[in-house]
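Please read the structure below before turning to the comments.
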Amino acid sequence: MKKWIAFLMTAMMVAAAMACAPASDSSSKAEESSAAQESSAVEESAASEESSVSENEGASEFTTATEGVLTMATNAEFPPYEYYEGDTVTGIDVEIAQAIADKLGLTLQVEDMEFDSVISAVKGGKADIGMAGMTVTDERLEEVNFTESYATGVQVIIVTEDSDITSADDLFAEGANHTIGVQLTTTGDIYTTEDIEAAGLGTIDRYNKGADAVMALKNGKVDCVVIDNEPAKAFVAANEGLKILETEYVTEDYAIAVSKDNDALHAAVDAALQELIADGTVQSIIDKYITAE
Ligand code: ARG
């Protein structure tokens, strides 16, 4: 068993012990969102190579929110991209960010916050980068710039093993009236809201955490959960009686968000990422967490 599944199981047990109220009437996230996490545990991650980014043609001086520090805004509820191991945030995104920071000669600092706050932290300059298994969407491109994509995500549907929902089409079938659990403001939320609620075919229940939406499914409060495939696999592995439907809902690209007011940083982060993609570092980080099927 991958070690993050074990941690996730612990996290799920904690989540189960707490009331899993929908996001609209829950403020439990408040203390967590202020708990900025130093990313000290990722020091063993991707070897720091000689940085060549600053010498790249066209790369100019960049500034960061705190001098010498690359501040990453994330929402550590999204295994294997970002999740807690003890009180440290780790995962694919954290390791890639660490490798980028190494290339740029910066120290990485990870700030955990609600998913909903990641874009505004980047936009407002509180964080230098937003990395949260974040899908590039037209709406988000109006707020921030994105780097090249470093991974692909697929929105999938989790149901209970005995569910009569067998495909995405069942959610849109005439007369369908399902309650769908999603993580607030994720693309799962955005797409289902557009496709289902707009058509008057059902209800969307929005949760602060994907894990809470999955708990609601286990407790019979929602009929399915629409979420990215990798966290879906982690949640299903950590919970009995759930399965992922074979039908894929939407395929999307994950990228790093950078402020539109910091073109030099955007160029530097993008160049570093592209080097890490080209030399295989990104793939080797992904392979540490995701086993090919
Ligand atoms: N890919 C989806 C989106 O961009 C979900 C990302 C959720 N990430 C997280 N760290 N909770 O909306």
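The first residue of the sequence shown is numbered 1, and numbering continues consecutively from there. Order of appearance sets the numbers: ligands from 1, and atoms from 1 within every ligand.
- Counting protein heavy atoms only, atom 10 (N) of ligand 1 is closest to N75 O, 2.8 Å.
- Some N or O of Q183 is nearer than 3.5 Å to an N or O of ligand 1, by distance alone.
- Residue-level proximity to ligand 1 for D228 is carried by the side chain, the only part with a heavy atom below 4.0 angstrom.
- Of the N or O atoms in M134, none lie within a sub-3.5 Å distance of an N or O in ligand 1.
- Annotation: atom 7 (C) of ligand 1 to nearest protein heavy atom, F78 CE1, 3.4 Å.
- Looking at Y81 against ligand 1, nothing comes within 4.0 Å, counting heavy atoms.
- By the 3.5 Å distance cut-off applied to N or O atoms, F115 is not counted among the residues near ligand 1.
- The shortest heavy-atom distance from R140 to ligand 1 is under 4.0 Å.
- Ligand 1 has E82 within reach: a non-hydrogen atom of the residue lies less than 4.0 Å from it.
- Ranking the protein heavy atoms by distance from atom 12 (O) of ligand 1 puts T187 N, 2.7 Å first.
- No more than 12 heavy atoms of other residues, nucleotides or ligands sit less than 6.0 Å from atom CD of E246.
- Between Y81 and Y254, the ring planes are perpendicular. Angles over 60° get that label, and only those under 30° would be called parallel.
- Of the N or O atoms in T186, none lie within a sub-3.5 Å distance of an N or O in ligand 1.
- With D270 contributing its side chain and H266 its backbone, the two residues share no donor-acceptor pair below 3.5 Å.
- The environment of NZ in K218 is crowded: more than 12 heavy-atom neighbours from other residues, nucleotides or ligands sit within 6.0 Å.
- Residue contacts with ligand 1: Y254 is placed with no nitrogen or oxygen under 3.5 Å of a nitrogen or oxygen of the ligand (distance criterion only).
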Please lay out, stage by stage, how R140 and E252 fare under the test salt bridge (charged side-chain N to carboxylate O under 4.0 Å, His left out).
CA-CA 13 Å; R140 290 173 185 164; E252 41 192 36; over 6 Å; no

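- Proximity of G153 to ligand 1 is not established, as no heavy-atom distance is less than 4.0 Å.
- The distance criterion of under 3.5 Å between nitrogen or oxygen atoms is met by T135 with respect to ligand 1.
- Under a 3.5 Å cut-off, the side chain of D228 and the backbone N or O of E230 do not form any donor-acceptor pair.
- Taking the six-membered ring for Trp, F115 and F78 have ring centres at least 6.0 Å apart.
- Those atoms of ligand 1 that come under 4.0 Å of a heavy atom in A132, given as number and element, are 6 (C), 7 (C), 8 (N), 9 (C), 10 (N).
- Distance alone, capped at 3.5 Å, places no donor-acceptor pair between the T135 side chain and the T137 backbone.
- Looking at K123 and E143, a side-chain N of the basic residue comes within less than 4.0 Å of a carboxylate O on the acidic one, giving a salt bridge.
- Formation of a donor-acceptor pair under 3.5 Å by the T193 side chain with backbone atoms of D189 is found in this model.
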